[in-house]
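Everything below concerns the one structure shown next.
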Amino acid sequence: MYARTTARFREQYWTQEPARLLPKVARHVRTGTGLLARRPDVLVAASVAESALLVSRIAFFDLQLGAERVEPWQDLALAAADTAGDGALGAAVLGHMSFAPAWSGRGGEARGRLAAARDRAARGDAGPVIHAWLDAVASEAEVRLGNPGGAFPLLDRAADALHPAHAVSGSWSAPGPPAWLDWFSGPRLDGFRGAAELAAGRTDHAKATLHRTLAGLSPDADKQRAVTLADLAAAAAAGREPEDACALLHRVLDLVERQGYATAVDRVRTVRAALAPWSRERFVRDVDDRLAAVAGPTAS
């Protein structure tokens, strides 16, 4: 029963409003820790780890809450993954712990956590997908830390893991990822590559890669779709195509208004800053009006 509820929340993450989902998953985690206190169980521990990681993901990516609302859930997730003996899940938690320092310029801390994640994955039977995801996350860290050139060897290694030379045609990984690793896939790896190409000034390559990402996303992947559209808007702005950039930003805001995703809103703000030379144009002011109306959701 507890694992089934965990799976249900995993699915709901992609469709439900995050501020409403977060307290439900948090209560589920507390229930699980209570169960573990009464009787240790590796399956319950794994579900607690997954659910605590989900709370931290909602708090960080969807709502952009402070560290005090994110890190305790990550710590709990890591401890529960250790209790479950799940090296892949522990590696995923450590990989998520690298985002905040990478995004705030603390390179040593971010790279250290990724090294710990790789070590954790190497000690268990993590499979190729978690290794590929860790390389993708490391590539984003290098981009965030001002070293986009350092991202491409990592992205190439991730692609090799997902598309090994001996793989059966049409499959992108063997064996497949665990059920909880639903935030990464071949098209999402293209999203990481497109962002790196954009940061490296390879605008035309970035556009092609990001369009490939959009084409490969599943219908419920609106969060990744919003980020990808925002990156395409950034490419249009870099190419001095402000009207195209604004049209793409409106598509991002359509998605954000339906569900809410603070990471995508941040991307919109970044692109809007690049549109400063056209600030007086009506098409830019229309974006300003919609952006001002996007209120950051809160969670209790």
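We find that Asp86 and Arg120 are not joined by a salt bridge, their nearest charged nitrogen and carboxylate oxygen being 4.0 Å or further apart. Ionic pairing of Arg123 and Asp119 is present here: one or more N-O contacts between side-chain nitrogen and carboxylate oxygen are shorter than 4.0 angstrom. Classification of Asp62 and Arg57 as a salt-bridged pair fails, no side-chain N sitting under 4.0 Å from a carboxylate O. Salt bridge present: Arg290 and Asp254 bring a charged side-chain N and a carboxylate O closer than 4.0 Å. Look at Arg282 and Glu243 and you find no salt bridge, because none of the NZ, NE, NH1 or NH2 atoms lies under 4.0 Å from a carboxylate O. Remark: Arg193 does not engage Asp190 in a salt bridge, criterion side-chain N to carboxylate O under 4.0 Å. Under a 4.0 Å N-O distance rule, the pair Lys207/Glu197 does not qualify as a salt bridge.
Taking the ring axis of Phe152 as reference, the NZ or CZ atom of Arg157 does not stay both within 45° of it and closer than 6.0 Å to the ring centre. Trp14 does not carry Arg258 over the face of its six-membered ring by the limits of under 6.0 Å from the centre and within 45° of the normal.
A 4.5 Å side-chain heavy-atom check between Pro40 and Thr83 finds every atom pair outside the cut-off. Residues Leu114 and Arg111 are not in side-chain contact: their nearest non-hydrogen atoms beyond the backbone lie 4.5 Å or more apart. At least one side-chain heavy atom of Val268 sits under 4.5 Å from a side-chain heavy atom of Leu291. With contacts defined as side-chain heavy-atom distances shorter than 4.5 Å, the pair Asp266/Gln64 qualifies. Here the side chains of Leu53 and Leu76 are not in contact, with every heavy-atom distance at 4.5 Å or above. Side-chain contact between Leu232 and Leu214 is present, with at least one heavy-atom pair separated by less than 4.5 Å. Contact check for Arg188 versus Leu217: side-chain heavy atoms found under the 4.5 Å cut-off. Between Arg113 and Pro101 the shortest side-chain heavy-atom distance falls below 4.5 Å.
Side-chain atoms of Glu281 do not come within 3.5 Å of backbone N or O of Phe283 as any donor-acceptor pair. With hydrogens and angles disregarded, a donor-acceptor distance shorter than 3.5 Å links the side chain of Thr213 to the backbone of Gly191.
With Arg118 as reference, Asp135 is the one residue of Ile130, Leu94, Asp135 to meet the side chain to side chain contact (heavy atoms under 4.5 Å, CB included) rule. The one candidate from Leu65, Leu63, Val70 that meets the side chain to side chain contact (heavy atoms under 4.5 Å, CB included) condition with Ile58 is Leu63.
Of the inter-residue distances, the one linking Asp220 atom CG with Arg225 atom CZ reads 8.0 Å to the nearest 0.5 angstrom.
When all heavy atoms are compared, the tightest approach of Val55 to Leu22 is O-CD1, 4.1 Å. The two residues Val252 and Leu229 have their closest heavy-atom pair at CG2-CB, 3.5 Å. Of all heavy-atom pairs between Tyr13 and Leu21, the closest is CA-CD2, 3.5 Å. Nearest approach of Ala52 to Val29, heavy atoms of both residues: N-CG2, 3.5 Å. Closest approach of Ala196 to Pro148, counting heavy atoms only: O-CB, 4.2 Å. Here the closest non-hydrogen pair linking Ala91 and Ala117 is CB-O, 3.3 Å.
Between the side chains of Thr6 and His28, at least one donor N or O lies within less than 3.5 Å of an accepting N or O. Remark: the Arg272 side chain and the Ser279 side chain contain an N/O donor-acceptor pair separated by less than 3.5 Å.
The 12-atom threshold is exceeded at NE2 of His250, counting heavy atoms of other residues, nucleotides or ligands nearer than 6.0 Å. Within 6.0 Å of the CZ atom in Arg106, the count of heavy atoms belonging to other residues, nucleotides or ligands exceeds 12.
Clustering ILVMFWY residues whenever any of their side-chain heavy atoms sit less than 4.5 angstrom apart, transitively, puts Leu145 in a cluster other than the one holding Phe192. Val137 and Val143 are members of different hydrophobic clusters when ILVMFWY side chains are connected at heavy-atom separations under 4.5 Å. In the hydrophobic cluster analysis, where Ile, Leu, Val, Met, Phe, Trp and Tyr join through side-chain heavy atoms closer than 4.5 angstrom, Leu198 is grouped apart from Leu155. One hydrophobic cluster, built from ILVMFWY side chains closer than 4.5 Å, holds both Phe60 and Leu78.
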ask   = Between Glu140 and Trp103, is a side chain to side chain donor-acceptor pair (under 3.5 Å) present by the stated rule, with each step listed?
value = CA-CA 9 Å; Glu140 178 174 332; Trp103 290 16; 3.0 Å; yes
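Residues Trp133 and His96 place their aromatic rings such that the two centres sit under 6.0 Å apart.
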